[in-house]
2 protein chains.
Amino acid sequence: MRIILVGYGVVGKGVTTILARKYTEKVKDNGFSPKIVAIADIDGAVINPRGLSPEKLEAIRQRGYPISADPEFGHKGMPALDVIESVEAEVVVEVTPVNIKNGEPALSHITRAFKTGKHVVTTNKGPLALAMPALTELAEYNNVYLRFSGTVGGGTPMLEFAKKCLAGDKILAIRGILNGTTNYILTEMSQNRVTFQEALANAQKLGYAEREPSMDIDGFDTACKVVILANWILNKKITLKDVDRTGIRDVSLQALDEASKRGNTIKLIGSIDGDKATVKPTEIPKNNPICVSGVLNAITFFTEFAGEQTLVGKGAGGIETASAVLRDLLDIRHKLATKILA
Amino acid sequence: MRIILVGYGVVGKGVTTILARKYTEKVKDNGFSPKIVAIADIDGAVINPRGLSPEKLEAIRQRGYPISADPEFGHKGMPALDVIESVEAEVVVEVTPVNIKNGEPALSHITRAFKTGKHVVTTNKGPLALAMPALTELAEYNNVYLRFSGTVGGGTPMLEFAKKCLAGDKILAIRGILNGTTNYILTEMSQNRVTFQEALANAQKLGYAEREPSMDIDGFDTACKVVILANWILNKKITLKDVDRTGIRDVSLQALDEASKRGNTIKLIGSIDGDKATVKPTEIPKNNPICVSGVLNAITFFTEFAGEQTLVGKGAGGIETASAVLRDLLDIRHKLATKILA
């Protein structure tokens, strides 16, 4: 399986690390034999149609920015779209930064990949949040797969769990703590009695929150994940604008104290119930399994037969999210193998 | 898919309820079309080679014991082994009571099914705890599938999660609260400061504990589940005697109080770490996701890339456990479909 990696941040580096290790494993999963034939970043690309060796991947990693400075395979200034178009490969792994205004550049990368017959694995919520119904249709039309496990839960397989582990059952509703930054802030406020502003400053100091924190604290990130869950798991055709969204700026210490007196606390909950997709600070019992602390994420699926199922794990991290990319690549590999048989 | 149901307790009834509903669903999963052709219980059997109708299943359920009194299809006194041997079917669903002394009658039911070329779905921990390496080998030898999702976690898909959602990753260790009765008792002791004996009596009153409670409180039930996890997920060839097992009889209020001062509590933890399989009361932090209350179960998988993944749900219940049987039937159906293609 030849792979074009687009984006070389913390997730992209994690992908090269994990795949380089897979190269050398003696027993390959289902005959899965990945080869990274190109990496495209903002400065240009490195391309080797025969596959970049683990040693070369390590050298690129050591050198860092700009990757196109590689003396052997560097292509300075080559746009990612040209790499996607011109390099032969089966899959494009899209891991550029999230943009929820217009989904770019990821949206163009993904559609270009589709048009040139390439499957796409992405960890980028932007294009999905803005245009998931259209993108899944476009993938189908072009007869390619679109996978995006890493967009929800980081390395925690929330999407796969719902798809693969609840066969025969019916998922009636979904509720989750889907953003680690806001969960860290609310945990700090509640456990250490600091104000929202102090907790936010603390989160920024620790690298949990961005300098421009609106994406997290205003609930956009959670809303993106709600869109993806709603489309993929519950077959709703919605986008970001359909989510009723409230962030955590107005959660007060007083409200947290009062909740605490009732044995509860306040968490930023994303939920889908019937046709309602919502993100808002919500009071929940402290002894509910979904009530996790710090940067952890958690999701509860309400099922018809098996009751409430809650999955907890880290919701972010380079290597964790890269492990979701690996799962998606294996899933595509498996799907293709079955297709060839059929 | 023709099914022989062996055992007609709370899980068996749940299976007929769920499958009767599946009969009438307009869109069948993957062409899955289940038919219960026989039910065998202690008193005899009901058999209809063309499949028992939903109305007939409901009538059997209403009448209750003895099921063989059915005027149309009843076979009074017919042993389950004869039913398994003589009735044509693809799958035997084995849901008789657990016996960890010699695994009977389930062990004979399962081996007889294998020898007559029938796949087996069971929720019965006994045979697996005593002879899992031999049973999986026997299934392979006879070219049939053995599935047992309902033995661990009730309706919570703990086994499937590990098998299907962590592809490409490596599970390094497993730790779980796998028994609801002991978790209820320890929760009561810790939260309401009642003694072990009082909490046990309470659990018995509520139907959470048996009159003969050793299976639960001495850790046998948890140890059975540890054996199944070790064999199925981590490929260890162990049986019940290989588990280092301590129950909760000696957990004192004082020990719980002292743990609480450290922000911890004591839970009955089943774990597999390297070659060590252990069941014992263990002090764990209250804010760890595995630290669930009441009759809930929880399991944490420690993975190489994706970090710690915790799954929480109800660990028992008739309809919940029956939903695990349905998942197993769908899995076999899917495996057979792929096999025919290959």
Side-chain angles (χ1 to χ4, degrees), chain A residues 14 17-18 21-22 29-30 32 149 153-161 163-169 187 191 287-294 296 298 300-301 303-314 317 319-331 334 338 340-342, chain B residues 14 17-18 21-22 29-30 32 149 153-161 163-169 187 191 287-294 296 298 300-301 303-314 317 319-331 334 338 340-342:
Chain A
T17 303
I18 287 184
R21 196 169 330 169
K22 284 279 152 191
D29 299 285
N30 295 315
F32 175 67
S149 299
T156 307
M158 294 181 175
L159 299 177
E160 288 99 322
F161 179 77
K163 277 274 187 189
K164 297 186 177 175
C165 292
L166 298 171
D169 211 328
T187 304
Q191 289 181 359
N287 67 0
N288 189 298
I290 206 180
C291 193
V292 293
S293 309
L296 284 176
T300 302
F301 297 97
T303 68
E304 185 179 14
F305 298 132
E308 298 180 19
Q309 310 273 331
T310 303
L311 182 57
V312 180
K314 279 182 72 175
I319 202 77
E320 289 85 353
T321 307
S323 79
V325 170
L326 173 60
R327 288 199 309 266
D328 283 346
L329 292 170
L330 287 166
D331 188 50
H334 180 76
T338 320
I340 288 161
L341 290 172
Chain B
T17 302
I18 287 185
R21 196 168 331 167
K22 285 276 151 193
D29 298 286
N30 295 315
F32 175 68
S149 299
T156 307
M158 295 181 174
L159 299 177
E160 289 99 322
F161 179 77
K163 277 274 188 190
K164 297 186 177 173
C165 292
L166 298 171
D169 211 328
T187 304
Q191 289 180 359
N287 67 0
N288 189 297
I290 205 179
C291 193
V292 293
S293 310
L296 284 176
T300 302
F301 297 97
T303 67
E304 186 179 13
F305 298 131
E308 298 180 18
Q309 311 274 331
T310 302
L311 181 57
V312 180
K314 278 182 73 174
I319 203 77
E320 289 86 352
T321 307
S323 79
V325 170
L326 173 60
R327 288 200 308 266
D328 283 347
L329 291 170
L330 286 166
D331 188 51
H334 180 76
T338 319
I340 288 161
L341 289 173

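No experiment lies behind these values; they were computed from the predicted model shown. So you know, we letter chains A, B, ... as the sequences are listed, proteins then strands, and number each from 1.
Contact count against chain B (heavy-atom pairs under 4.5 Å) is highest for A:Q309 among A:Q309, A:E160, A:K164, A:K314. By number of non-hydrogen pairs under 4.5 angstrom with chain B, the leading residue of A:L159, A:I290, A:V312 is A:V312. Highest contact tally toward chain A, considering only B:S323, B:G307, B:G313, is held by B:S323 [criterion: heavy-atom pairs under 4.5 Å]. Most heavy-atom pairs under 4.5 Å with chain A: of the set B:V292, B:T310, B:N287, this distinction falls to B:T310.
Between B:C165 and A:C165, the closest heavy-atom pair is SG-SG, 3.5 Å. A:F305 and B:I319 get closest at one heavy-atom pair: O-CG2, 3.8 Å. Between A:P289 and B:L296, the shortest heavy-atom distance links the atoms CG-CD1, 3.7 Å. Residue A:G155 comes nearest to B:A306 through the heavy atom pair O-CB, 3.6 Å, listed as atom of the first residue, atom of the second, then distance. The heavy-atom pair separating B:R327 from A:A167 by the smallest distance is CG-O, 3.2 Å.
Only the side chain of B:S293 comes within contact range of chain A, with at least one heavy atom under 4.5 Å from a heavy atom of that chain. When heavy atoms are compared at a cutoff of 4.5 Å, A:L326 approaches chain B solely by way of its side chain, counted from C-beta outward. For chain A, the nearby parts of B:L166 are the backbone and the side chain; heavy atoms of each come within less than 4.5 Å. With a 4.5 Å cut-off on non-hydrogen atoms, B:E308 touches chain A through its backbone but not through its side chain.
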